[in-house]
Peer 1: 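Starting off with a structure, shown below.
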Amino acid sequence: NCQNSTTDTDYIYWPNYWTNDFFYNLDIISRKSVENNLPFIYVLTPFFKTTSQQTLLKNKYEFNYVIYSALLYGAKGIQYWHAGVFYKSCWFSVDEEVKEYLKDLHKKFTEKEQILLSLKFQGAYHYSNFSTIKPGYTEKIPSYSNWSNFNDNIYANEIFNLSDPIQSNSSIDSIVISFLIDDFSNRYFWIFNKSMTSAQTLQLNLSDSCSVYNIFGDETCPISNNITVSLEPGEAKLYRVFFVNDTIDISQTKTWCENKVVTNEIIIHPSGTLTISDTVRFDKRASIIIKPGGKLVLDGGTLTNACDNDT
């Protein structure tokens, strides 16, 4: 009864292992989360389930699959289910190398927790509904998540060149793209490789009006036009979208206390104060205009170039 579920708690917890309706229910939970302004926590059990058979998660690619799937749909946390002797014994059987990988993965997420916690799921699109867990099996996904509807999405229209949004030398049947926004309506998207056996290298073709920044990447320079994305099996990457013609208006007191990349003009109006207490990197198109009476305060903050070759 996922469709009609309600809650009077502060969180929505969803314990689930993979079944044929995994993404169908994940979509429902995510939309309930946004509709009721309740963060949802994905409770990870150590199994895939294919019909009557349960299969233990055994490598990092399979853990990638379930963890990134949850984040793709806006999960605000991952909880590992280990109640009872049976489940505990399953976790004990996970290879130590995989456990170390998961620790590093969690660290990566917590370093960007301010961004991840701010995101609200808006929709996901699956290139196909062929199962990457059980060959020949069909996953149940909402009809509006079919790739045939991708071009109708408002965010896809803003971000991608819809005549040819994704290019690859191999099949892209395993690809999913989801769109999310933060409290300020900034756009983000995840791109996800559902395959747990094959890596993917893709070219994403962006619209002329935007550039993107890889949230978990080492680079700080926003990329325009065409970007190359490499995904391990089960991996997803998160991108922040910047629009060329957007202006950031500061007309009240505002504090930036997290690492940022700016590609736009910032205008600090006479009544505005912008305090920066972390590193802000400026694309070559960005600038700050301080109008009479406006204030820019660096409280331990740093202003620098986003791209190494900018002066």
Side-chain angles (χ1 to χ4, degrees), residues 1-5 12-36 38-51 53-55 57 61-79 81 116 119-153 155-156 165-166 171-181 188-198 200 202 231-238:
N1 295 322
C2 243
Q3 188 72 53
N4 300 313
S5 63
I12 299 175
Y13 284 89
W14 188 47
N16 197 58
Y17 36 58
W18 184 89
T19 61
N20 69 313
D21 57 359
F22 176 66
F23 288 107
Y24 184 88
N25 285 325
L26 192 53
D27 184 272
I28 292 172
I29 294 295
S30 300
R31 293 179 186 277
K32 288 283 186 183
S33 170
V34 174
E35 176 186 336
N36 294 283
L38 289 171
F40 94 85
I41 309 299
Y42 178 72
V43 182
L44 194 157
T45 55
F47 294 113
F48 291 128
K49 185 177 181 181
T50 54
T51 60
Q53 182 181 5
Q54 293 187 147
T55 304
L57 295 173
Y61 302 132
E62 294 178 353
F63 278 100
N64 273 351
Y65 181 101
V66 289
I67 292 171
Y68 279 114
S69 291
L71 294 176
L72 193 79
Y73 280 79
K76 299 298 183 288
I78 306 293
Q79 179 179 343
W81 182 257
L116 295 175
L119 298 183
K120 298 179 181 65
F121 174 74
Q122 301 298 300
Y125 296 88
H126 296 243
Y127 199 83
S128 80
N129 62 351
F130 298 135
S131 172
T132 55
I133 292 176
K134 187 179 180 183
Y137 201 63
T138 300
E139 293 177 329
K140 183 179 180 182
I141 60 173
S143 59
Y144 48 75
S145 290
N146 289 326
W147 192 261
S148 58
N149 297 313
F150 182 80
N151 285 16
D152 296 328
N153 181 276
Y155 304 114
I166 303 177
S171 170
I172 58 173
D173 282 349
S174 64
I175 295 302
V176 185
I177 291 179
S178 74
F179 298 104
L180 308 95
I181 61 172
Y188 295 77
F189 68 88
W190 284 100
I191 182 160
F192 174 47
N193 177 19
K194 286 194 294 185
S195 173
M196 290 179 291
T197 57
S198 300
Q200 280 276 9
L202 311 165
L231 298 170
E232 288 191 338
E235 185 186 18
K237 290 185 178 177
L238 177 64

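It should be emphasised that the depicted structure is a prediction, and the values quoted were computed from it without experimental measurement.
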Peer 1: Using the test side-chain contact (heavy atoms from CB on, under 4.5 Å), find all partners of Pro39 that sit at least two apart in sequence or belong to another chain.
Peer 2: Tyr11, Lys76

Peer 1: Among all residues two or more places apart in sequence or in another chain, which pass the side chain to side chain donor-acceptor pair (under 3.5 Å) test with Tyr127?
Peer 2: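 Here no residue qualifies.
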
Peer 1: On a heavy-atom basis, which atom in Thr132 and which in Lys194 lie closest, and how many Å separate them?
Peer 2: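 In this case the closest contact between Thr132 and Lys194 is OG1-O, 2.8 Å.
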
Peer 1: Are Ser145 and Phe23 close enough that some pair of their side-chain heavy atoms sits under 4.5 Å apart?
Peer 2: no

Peer 1: So which atom in Tyr68 and which in Gly234 form the shortest heavy-atom distance, rounded to 0.1 Å?
Peer 2: CD1-O, 3.3 Å

Peer 1: Tell me, with the steps shown, if Ile67 and Tyr42 meet side chain to side chain contact (heavy atoms under 4.5 Å, CB included).
Peer 2: CA-CA 8 Å; Ile67 292 171; Tyr42 178 72; over 6 Å; no

Peer 1: Assess, by modelled atom type and distance only, whether the side chains of Asn129 and Thr138 contain a donor and an acceptor separated by less than 3.5 Å.
Peer 2: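 No.
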
Peer 1: Kindly give the heavy-atom pair with the smallest separation between Pro233 and Tyr61, and that separation in Å.
Peer 2: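 Distance-wise, the nearest heavy atoms are O-CD2, 3.3 Å.
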
Peer 1: Taking all non-hydrogen atoms of both residues, which atom of Ser198 and which atom of Ser195 are closest, and how far apart?
Peer 2: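 What the structure gives for the nearest pair is N-OG, 2.9 Å.
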
Peer 1: Run the side-chain contact (heavy atoms from CB on, under 4.5 Å) test against Ser128 and tell me which residues pass, sequence neighbours left out.
Peer 2: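 With neighbours one apart ignored, the set is Phe130, Asp173.
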
Peer 1: Looking at side-chain heavy atoms only, is the closest gap between Leu238 and Leu71 below 4.5 Å?
Peer 2: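 No. Closest side-chain heavy atoms not under 4.5 Å.
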
Peer 1: Taking side chain as C-beta onward, heavy atoms only, is Tyr137 less than 4.5 Å from Glu139?
Peer 2: no

Peer 1: Could you list the residues that satisfy ring pair (Phe, Tyr, Trp, His ring centres under 6.0 Å) with Tyr73, not counting sequence neighbours?
Peer 2: Phe121

Peer 1: For Ser33, give me all partners under side-chain contact (heavy atoms from CB on, under 4.5 Å), at least two apart in sequence or on another chain.
Peer 2: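 Ser33: side-chain contact (heavy atoms from CB on, under 4.5 Å) contacts with Ile12, Phe40.
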
Peer 1: According to side chain to side chain donor-acceptor pair (under 3.5 Å), who are the partners of Lys120, at least two apart in sequence or on a separate chain?
Peer 2: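 Result, side chain to side chain donor-acceptor pair (under 3.5 Å) vs Lys120: Asp183.
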
Peer 1: Got a sec, which residues hit side-chain contact (heavy atoms from CB on, under 4.5 Å) with Asn146, two or more places apart in sequence or on another chain?
Peer 2: Ile141, Ser143, Ser148, Asn149

Peer 1: Applying side chain to side chain donor-acceptor pair (under 3.5 Å), can you list everything that pairs with Asn153, at least two apart in sequence or on another chain?
Peer 2: Tyr125

Peer 1: Can you find a heavy atom in the side chain of Asn193 that is under 4.5 Å from one in the side chain of Glu232?
Peer 2: no

Peer 1: Within the structure provided, determine whether Trp190 and Val176 are in side-chain contact (heavy-atom separation under 4.5 Å).
Peer 2: no

Peer 1: By side chain to side chain donor-acceptor pair (under 3.5 Å), which residues pair with Gln122, not counting sequence neighbours?
Peer 2: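 Gln122 satisfies side chain to side chain donor-acceptor pair (under 3.5 Å) with Tyr155 only.
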
